[in-house]
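Residue numbering restarts at 1 for every chain, and letters A, B, ... go by the order of the sequence lines.
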Amino acid sequence: MSRSCKEIESALLAAVDGRASAGERDRVAVHVAGCATCARRLEDLRGVWTSLDALEAVEPSPAFDARLRERLEAGSRASLWPAWFPARARWAGLTLAMAAAAVALWFSVRPLRHRPAPASVENPADFAVVKNLPVLENYDLLSNFDALSALPGAQTAAPEEQQPVD
Amino acid sequence: MEGTDIELMLGVKAGDEACFERLLAKHRAPVVAFIYRLVHDRGEAEDLAQEAFLRVFRARKSYTPDAKFTTWLYRIATNLALNSLRNGRRRRNDVSVDEAGGEQRPPMDVADPASAIEERLVERERARTIRLAVDALPEKQRTAVLLHKYQDLRYEEIARILGCSESALKSLLFRAYETLRERLEPLVPGLAAPGKGIGT
């Protein structure tokens, strides 16, 4: 293939797809008149181009616009703030919400020593109920349950794990 | 007001919903058809086309007319369709590729003469072969061919959509059509045998 054949490639493409300028069309016509190889390439391109007309397509369904509108409205409803709410006020609100969340988090994870100690079980009837509980999984409650220490064979928790008694 | 796409989009930006309706009316069919040719599923094509228009609408406030509207729209549509294919959401349809587009086909009339039925079967087989040949192209070549053949876009626009230069696009297209010529050679009478065609 000569250099001029390589250079004519994009013009061949444009001649087939209808995007060629008048100048490109003339250039292609002159070239293929004297080049059997490129005349053949042009015909092959045309054949492929035409064969692609058989590739099926679809039209949008009649519900396309209605469904799009639904999705637009759903997107608006999903927005936390109404569209008219000023952006600056949104940031202020968001900051307040984050501060409130931080305070709530601090209260939920504050040191255990600030929690009130469990009341001791002195009533024998209450003791019987506690004794018959199947499993006590709450370690905090278990380790500070004074009544359990009176049971035979009960082990005393390490001092540092015990909650101070007020 | 008819308006150019850019004028309509500036209208959408200014809050004129009627402008969005006009853009939708103008571009919905070609965008659905383009995505359908990539994903081969009508429902998925409509979902993705709607998503493309939703994204255009949501981005209206930051819209600047520094490129053609269709370049932007088809770039969104292309990314959505290719991501969908990469995520494999349409893989389940691979087994039913024969049924793709089935809802578009007219039912065969049992009263048709045998020759007419045979003719239709041949047409369907031909369409299927062409679709498989296009699908077998590398992703970028396939997208380039679909944008070039079926969408009314200039080379410059297609190049921008695909993120390449115009000369690179032309080279990409030429290679793609050469590959198609080889694959469709038995189907298209008169096509040169491989090794004697477009690229040689």
Measure [X] against the heavy atoms of chain A and call it side chain, backbone, both or neither at under 4.5 Å.
X        : value
B:Ile130 : both
B:Val145 : side chain
B:Leu146 : side chain
B:Ala49  : both

For atom [atom1] of [X], decide whether the heavy atoms of other residues, nucleotides or ligands shown that lie under 6.0 angstrom number more than 12.
X       : atom1 : answer
B:Glu21 : CD    : yes
A:Asp53 : CG    : yes
B:Glu17 : CD    : no

Picking from B:Phe53, B:Tyr155, B:Phe57, B:Phe34, which has the most non-hydrogen pairs under 4.5 angstrom with chain A?
B:Tyr155
Among B:Glu46, B:Arg37, B:Glu123, B:Lys170, which residue has the highest count of heavy-atom pairs closer than 4.5 Å to chain A?
B:Glu46
Aromatic ring pairing B:His27/B:Phe69, orientation class (parallel under 30°, perpendicular over 60°, tilted between)
tilted
Tell me, out of A:Leu72, A:Thr50, A:Leu68, who's got the most heavy-atom pairs with chain B below 4.5 Å.
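Of A:Leu72, A:Thr50, A:Leu68, A:Leu68 has the most heavy-atom pairs under 4.5 Å with chain B.
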Please evaluate residues B:Ser171 and B:Arg175 with respect to the criterion side chain to side chain donor-acceptor pair (under 3.5 Å), reporting the C-alpha separation (whole Å), side-chain torsions for both, the decisive distance (0.1 Å), and the verdict.
CA-CA 6 Å; B:Ser171 172; B:Arg175 285 202 306 277; 3.2 Å; yes
Give a yes or no answer on whether the side chain of A:Arg19 reaches the backbone of B:Leu153 with a donor-acceptor pair at less than 3.5 Å.
yes
With a 4.5 angstrom heavy-atom cut-off, could you sort out which part of A:Arg71 is near chain B: side chain, backbone, both or neither?
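For A:Arg71, the contact with chain B is made by backbone and side chain together.
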